[in-house]
S.K.: 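Here you go, one structure.
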Amino acid sequence: MRRNKRTYNFSTPSWFRSVQSIAYDFIIPLTIFQAIRTLILPTFLDFVILAIFITLTIRTHWQQP
């Protein structure tokens, strides 16, 4: 009995890659803005948002070729 081989395509759709490239362009200015805002008016929510932005910035920096 012959089994059919499944082929998996793990490439991302083109619309998602275009959204990612736009996000790469805006993540560093958003992180800088949030850092300045956190220095001026430090609240718990500002620290959480800044931590998320820093994590995304590091992730996008290591992900790009």
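No experiment lies behind these values; they were computed from the predicted model shown.
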S.K.: To the nearest 0.5 Å, how far apart are CG in D25 and CD in Q20?
M.R.: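 That separation rounds to 12.0 Å.
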S.K.: Roughly how far, to the nearest 0.5 Å, is CD1 of I27 from CZ of R59?
M.R.: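 Output value for this atom pair is 10.0 Å.
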S.K.: Just to verify, what does S18 make a side-chain hydrogen bond (donor to acceptor under 3.5 Å, both in side chains) with, not counting sequence neighbours?
M.R.: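 By the side-chain hydrogen bond (donor to acceptor under 3.5 Å, both in side chains) rule, S18 matches no residue at all.
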S.K.: Can you give each donor-acceptor pair under 3.5 Å made by side-chain atoms of residues 47-58, sequence neighbours left out, with the distance rounded to 0.1 Å?
M.R.:
unit_1	atom_1	unit_2	atom_2	d
T55	OG1	A51	O	2.7
T57	OG1	T31	OG1	3.0
T57	OG1	F53	O	2.7

S.K.: Only counting residues at least two apart or in another chain, list the ones meeting side chain to side chain contact (heavy atoms under 4.5 Å, CB included) with I36.
M.R.: I32, I40
S.K.: Please identify each residue that fulfils side chain to side chain contact (heavy atoms under 4.5 Å, CB included) with P13, with sequence neighbours left out.
M.R.: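 P13: side chain to side chain contact (heavy atoms under 4.5 Å, CB included) contacts with W15, F16.
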S.K.: Quick one: salt bridge (charged side-chain N to carboxylate O under 4.0 Å, His left out) pairs with a partner in residues 32-47, sequence neighbours left out?
M.R.: R37-D46
